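All remarks here apply to the structure that follows.
Atoms considered below: every heavy atom in the structure, side chains included; atoms not considered: hydrogens, waters and symmetry mates. First the proteins, then the strands, lettered A, B, ... as listed; each starts at 1. Only a predicted model underlies this, so the values are computations on that prediction, with no experimental measurement involved.
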Amino acid sequence: MSHATITPKSASSLHGARLPRWFPWAAAAASVALGFGISALAGLHSDIQWALIAAVLFLIGSYAVASAVEGKRQAKDRTATSLVWVAFLLAVIPLASLIWETVKQGVKVLDGYFLTHSMGVVADAEPGGGIYHALLGTLEQVGIAALISVPLGILTAIYLVEYGRGRLAQAVTFFVDVMTGIPSIVAGLFILSLWIIMLDMGYSGFAGSLALSILMIPIVVRSTEEMLKLVPNELREASLALGIPKWRTILKVVLPTSVGGIVNGVMLAIARITGETAPVLLLVWGTATINANPFDGPQASLPMYIYLQYNNGSEPAYDRAWAAALTLIAFIMVLNLAARGIARWKAPKTGR
Amino acid sequence: MAKRIDISGLNAYYGSFLAIEDISMTVEPRSVTAFIGPSGCGKSTFLRTLNRMHEVTPGGRVEGKVMLDDEDLYGAGVDPVSVRREIGMVFQRPNPFPTMSVYDNVAAGLRLNGKYKKSELDDVVEKSLRGANLWNEVKDRLNKPGSGLSGGQQQRLCIARAIAVQPKVLLMDEPCSALDPISTLAIEDLIGELKEQFTIVIVTHNMQQAARVSDRTAFFNLAAVGQPGRLIEIDDTERIFSNPSVQATEDYISGRFG
């Protein structure tokens with residue numbers, strides 16, 4: 001009788017002592033209180049110190065209590081859960097405080113006037129002025145960069161996934177990987193030496209767009225490649241077996257199936273290059289007045305505007321830098337939301 | 001409409017690996033030919049050589065002759081795309097296009113191959129769905145996504161999609177292996193109807209199914225793992241299942257294999 005040899009510890013082997021549901025919250029509250037107490041007694045002043053003490057107390061405390069009441073396995077489980085929560089909070093707190101600080105400082109001068117006027121007639125140390133020239137420059141430079149990079153990137157990804165075999169494809173993949181790691185200042189210097197020094201073109205928004213394209217293409221290629229790889233091979237075979245040529249299969253079956261993810265990747269790439277400062281500083285040069293022509297003469301852009309205003313160092317300039325930063329974050333957030341919306345709208349339908 | 005397929009001396013490779021060796025057989029028009037045999041013996045590979053889908057796999061290569069009536073599918077200048085319009089295929093797992101509605105799935109073959117008038121398309125879609133015994137179940141939801149149908153319905157949708165382009169031959173690669181017995185029965189009935197118009201080749205692991213639906217049965221086997229698969233014999237289904245001429249066939253069918 002095999003089961004007779006095992007003596008159950010309690011009346012039922014399925015039931016064990018369980019801590020109440022509110023235990024993690026109580027433990028968290030207690031460790032925060034303790035963390036406060038300890039740092040007050042020890043005379044520590046930094047917020048980070050008491051929070052770290054509380055986090056460590058929480059981890060150790062919940063492990064000790066749980067292993068005493070529930071047993072080792074459950075205690076380990078709780079520790080793993082707590083670690084995940086602590087890591088999550090550590091990651092979110094800086095993000096939330098960054099957004100909070102930017103909003104708090106940014107709303108001071110952010111209004112309709114700020115968005116529709118340039119710095120043309122305002123000295124940097126005086127209040128007033130706005131970001132219209134920088135906003136316009138950013139939109140034009142990023143728009144042109146996207147116009148160059150999106151077709152190139154998507155077509156490269158299609159080549160790599162659908163056609164690429166052998167050495168050429170390997171080489172392309174390798175160079176795309178290398179390009180992903182190019183620092184933005186290097187991309188800027190490359191275009192500076194090629195476009196402005198060798199070809200003797202002037203500073204312009206377009207030169208900035210070229211450098212931004214170098215940064216954007218590998219991101220588009222990578223994300224599109226991943227999306228195309230997700231399309232099941234069975235769909236391609238189903239389409240080919242209907243006597244549909246390969247290019248039409250790609251155009252009508254593969255791309256529509258993955259379009260949501262591709263658009264998402266493109267939007268994220270745009271968001272990524274919108275914040276680039278270095279190549280813009282080198283190539284677009286910067287101006288305080290409105291220049292709507294990206295192909296001729298210096299333009300402004302938001303990241304550079306923020307940098308220049310910060311450099312000025314006066315109180316009104318700081319306010320403008322914060323407001324411009326808030327505008328930049330809002331712009332990128334809108335792009336991300338649009339990407340999510342499009343991804344959801346275009347996702348393959350499964351409803352009955 | 002339906003056409004005869006004559007295969008002679010066919011070898012198929014994956015890279016340098018010879019998957020099937022020296023296969024010669026005739027597939028009769030307006031009949032169902034079943035391929036049976038153990039896993040890995042090259043039935044599916046052989047099926048895919050018949051509409052030039054084998055070469056879609058990286059490294060896939062074919063030697064030998066496949067005559068569709070009097071045209072060699074592997075002759076010089078033959079366009080694989082036109083071959084696949086003549087010889088349609090249904091796969092093991094139902095694979096409707098996820099971005100398309102039921103209607104668009106059936107119309108896909110025609111629409112992606114050229115311009116058609118809306119009324120013509122409507123006719124073809126209805127005819128194909130009726131042909132696949134699916135019309136009554138989906139006529140009210142033609143504009144709903146095809147992936148919302150049940151597994152059996154999806155497979156019949158794939159059959160409708162394949163017959164919409166009016167092929168001469170229909171290849172089926174274990175079309176019922178992912179389906180329940182009732183959907184399987186629906187598809188087997190459908191195969192019985194479709195053979196009036198098409199030449200049908202079906203790969204199956206289910207010997208009862210081969211016995212039920214096919215007129216002729218081909219038995220494939222391989223000497224050992226890593227060896228190429230070969231055609232052991234092909235004969236009328238009745239003879240294969242009652243009195244096969246090769247001992248290995250009888251062993252396989254009666255379950256005494258290996």
- [ ] Report yes or no: do Ser183(B) and Asp180(B) form a side-chain donor-acceptor pair below 3.5 Å?
- [x] yes
TODO: Pull out the residues in residues 39-48 of chain B that come under 4.5 Å of chain A, heavy atom to heavy atom, sorted by number.
DONE: Arg48(B)
TODO: With a 4.5 angstrom heavy-atom cut-off, could you sort out which part of Phe97(B) is near chain A: side chain, backbone, both or neither?
DONE: both
Open item on the list: Contact between Tyr163(A) and Ile250(A) at the side-chain level, heavy atoms closer than 4.5 Å - yes or no?
Closed with: yes
- [ ] Given side chain to side chain donor-acceptor pair (under 3.5 Å), test Ser184(A) with Glu276(A) step by step and report yes or no.
- [x] CA-CA 7 Å; Ser184(A) 53; Glu276(A) 282 300 344; 3.0 Å; yes
Open item on the list: Just so I know, are the side chains of Thr327(A) and Phe331(A) near enough to count as touching, which here means a heavy-atom distance under 4.5 Å?
Closed with: no
Open item on the list: One pair to check against side chain to side chain contact (heavy atoms under 4.5 Å, CB included): Leu50(B) and Val169(B). What are the steps and the verdict?
Closed with: CA-CA 10 Å; Leu50(B) 299 184; Val169(B) 180; over 6 Å; no
Open item on the list: Less than 4.5 Å to any heavy atom of chain B: does that hold for the side chain of Thr249(A), its backbone, both, or neither?
Closed with: neither
Open item on the list: Just to be sure I understand the criterion: a residue of residues 125-140 of chain B counts if one of its heavy atoms is under 4.5 Å from a heavy atom of chain A. Which ones qualify?
Closed with: none
Open item on the list: Looking at every non-hydrogen atom in both residues, tell me the closest pair between Val231(A) and Val254(A) and how far apart they are.
Closed with: CG2-O, 3.9 Å
Open item on the list: Under the criterion side chain to side chain contact (heavy atoms under 4.5 Å, CB included), I'd like the reasoning laid out for Val27(B) against Arg4(B): C-alpha separation, chi angles, the key distance, then a yes or no.
Closed with: CA-CA 6 Å; Val27(B) 175; Arg4(B) 175 195 313 272; over 6 Å; no
Task: Student check: side-chain heavy atoms of Pro279(A) and Ile191(A) closer than 4.5 Å - done: no
Open item on the list: Between Met89(B), Met53(B), Arg52(B), who has the most heavy-atom pairs with chain A when the cutoff is under 4.5 Å?
Closed with: Met53(B)
- [ ] Run the salt-bridge test on Lys246(A) and Glu162(A) with the 4.0 Å N-O cut-off and return the result as yes or no.
- [x] no
Task: Inter-chain contacts: residues 152-159 of chain B against chain A, heavy atoms under 4.5 Å - done: none
TODO: Would you please go through residues 61-88 of chain B and name the residues with a non-hydrogen atom below 4.5 Å from one of chain A, in numerical order?
DONE: Val81(B), Arg84(B), Arg85(B), Ile87(B), Gly88(B)
Task: Residue pair Val201(B) / Met172(B), side-chain heavy-atom distance below 4.5 Å - done: no
Open item on the list: For Phe35(B) and Met25(B): C-alpha separation, side-chain torsions, deciding distance, then whether side chain to side chain contact (heavy atoms under 4.5 Å, CB included) applies.
Closed with: CA-CA 12 Å; Phe35(B) 293 172; Met25(B) 70 159 76; 4.0 Å; yes
TODO: Kindly indicate, with the supporting measurements, whether the criterion side chain to side chain contact (heavy atoms under 4.5 Å, CB included) is fulfilled by Asn264(A) and Leu268(A).
DONE: CA-CA 6 Å; Asn264(A) 205 347; Leu268(A) 290 178; 4.1 Å; yes
Open item on the list: For Arg165(A), which atoms come within 4.5 Å of any heavy atom of chain B: side chain, backbone, both, or neither?
Closed with: side chain
TODO: Answer whether the closest heavy-atom distance between the side chains of Leu255(A) and Ile158(A) falls below 4.5 Å.
DONE: yes
- [ ] Using only heavy-atom distances, determine whether the side chains of Glu174(B) and Thr204(B) contain a donor-acceptor pair under 3.5 Å.
- [x] no
Task: Ile144(A) side chain near Phe295(A) side chain, heavy-atom distance below 4.5 Å - done: yes
Open item on the list: Quick check for you: among Val259(A), Leu251(A), Leu235(A), which has the greatest number of heavy-atom pairs under 4.5 Å with chain B?
Closed with: Leu235(A)
- [ ] Could you tell me whether the side chains of Asp104(B) and Ser101(B) share a donor-acceptor contact shorter than 3.5 Å?
- [x] yes
